[in-house]
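Remarks on the structure that follows.
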Amino acid sequence: MKTRQPVSLTEDDIAAVRSWVVHEDAHLIAFNKPSGLSSQGGRIQANTLDDLLWAFARSNGKRPELVHRLDRDTSGVILAAKTKPAAGFFGKAMQMRKFQKTYLALVAAAPEPRSGRITSALRREEIGRESYMRVVDFDAPGAQGAASGYRTLASSEVGAVVELSPETGRMHQLRVHMASIGRPLVGDVRYGGALTFAGRAAPRLMLHAAKLSFPHPDGGRVTVEAPEPEDFAALRAAAGL
């Protein structure tokens, strides 16, 4: 586990990160990460969730370690392993695609067809200091295979809520795949999403990691869910969804 210099946290920081815990046992902590918080270090000099894990440091100076990441503007379930064996177990399970991730997203109109599977290959590209993903031919240089399932849960005249299930873990995968079928996610400035929804401003990328199911070191599977944040639920309700 990481033993680098601890980050100095305020009482408010510690209270906040503890309030986000949705599941904890001897091996892991699961958080409902708020939108706007980076998982790990980016260019912005501010506390990340990774920094905030120092709130759970043990007396030996070691602390939990993130198992995976969420985009800064994406809210929802994210896991941290409490011990080195647990980190190894979850890392292997992730490699073997034993994690099942379920997201909720808002789009301006229901996809056609209303459910399906997107298998477009993706390639990472740098534009200035920003990284983007682009849909490319599967045999293009640098192409990475990617697959995402989607299902429309509800729709109205002003939009739809869709359930998204990534089968692979490429950067921005769900965002780019949905944009590729003409349904970019509401609030996704980078990939062409609408900035208003149901007559209201979209405050951020409307993508929420709602559920995570994974094997547990003690055997069996565990499913952790994170309730929708207020901003997501408010826009959904405004659209009658």
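Below, each value reflects all heavy atoms present in this structure, side chains not excepted, and no hydrogens, waters or symmetry copies.
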Residue that, paired with Asp50, satisfies salt bridge (Lys or Arg N to Asp or Glu O under 4.0 Å) out of Lys33, Arg63, Arg69: Arg63

More than 12 heavy atoms from other groups under 6.0 Å of CZ on Arg97: no

May I ask you to check whether over 12 heavy atoms, not counting those of Glu126, lie within 6.0 Å of atom CD?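 Result for CD/Glu126: enclosed.
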
Minimal non-hydrogen separation, [X] against [Y], with atom names:
X	Y	result
Arg114	Ser155	NH1-OG, 3.1 Å
Arg183	Val107	O-CG1, 3.5 Å
Arg58	Lys82	NH1-O, 2.7 Å
Ala226	His208	O-NE2, 2.9 Å
Arg151	Ser115	CA-CB, 3.9 Å
Leu212	Lys101	CD1-CG, 3.3 Å

Could you tell me if the side chain of [Y] sits less than 4.5 Å from the side chain of [X], heavy atoms only?
X	Y	answer
Pro227	Asn32	yes
His68	Ile78	yes
Val22	Glu225	no
Ser148	Met178	no
Ser8	Trp54	no
Ser120	Ile181	no
Thr119	Phe138	no
Phe89	Leu28	no

Out of curiosity, [X] [atom1] to [Y] [atom2], how far, rounded to the nearest 0.5 Å?
X	Y	atom1	atom2	value
Lys98	Phe214	NZ	CZ	15.0 Å
Gln100	Thr223	CD	OG1	8.0 Å
His177	Thr168	NE2	OG1	6.5 Å
Glu167	Ile118	CD	CD1	10.5 Å
His216	His27	NE2	NE2	5.0 Å
Ser39	Leu52	OG	CG	11.0 Å

Give a yes or no on whether [X] and [Y] share a hydrophobic cluster (residues Ile, Leu, Val, Met, Phe, Trp, Tyr; joining criterion: side-chain heavy atoms under 4.5 Å apart).
X	Y	value
Val67	Met96	no
Leu79	Leu53	no
Leu106	Val189	no
Tyr103	Phe232	no
Leu153	Leu174	no

Between Val135 and Val176, does the side-chain contact (heavy atoms from CB on, under 4.5 Å) criterion hold? Intermediate values first, please. CA-CA 7 Å; Val135 169; Val176 179; 3.8 Å; yes

Steps toward side-chain contact (heavy atoms from CB on, under 4.5 Å) verdict (Val162, Leu104): CA-CA 6 Å; Val162 291; Leu104 296 176; over 6 Å; no

Under 3.5 Å, is there a donor on one side chain and an acceptor on the other for Arg204 and Ser75? yes

Run Thr74 and Arg175 through side chain to side chain donor-acceptor pair (under 3.5 Å) and show every step you take. CA-CA 11 Å; Thr74 303; Arg175 297 161 63 182; 5.6 Å; no

If you apply the rule side-chain contact (heavy atoms from CB on, under 4.5 Å), what do you find for Phe31 with Leu70, and how did you get there? CA-CA 11 Å; Phe31 300 92; Leu70 289 176; over 6 Å; no

Under 3.5 Å: donor-acceptor pair, side chain of [X], backbone of [Y]:
X	Y	answer
Thr196	Gly199	no
Arg190	Tyr132	no
Tyr191	Met133	yes

Assess Arg236 against Phe197: is NZ or CZ under 6.0 Å from the centre of the six-membered ring, and within 45 degrees of the ring's axis?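 Geometry flag: not set, cation outside 6.0 Å or 45°.
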
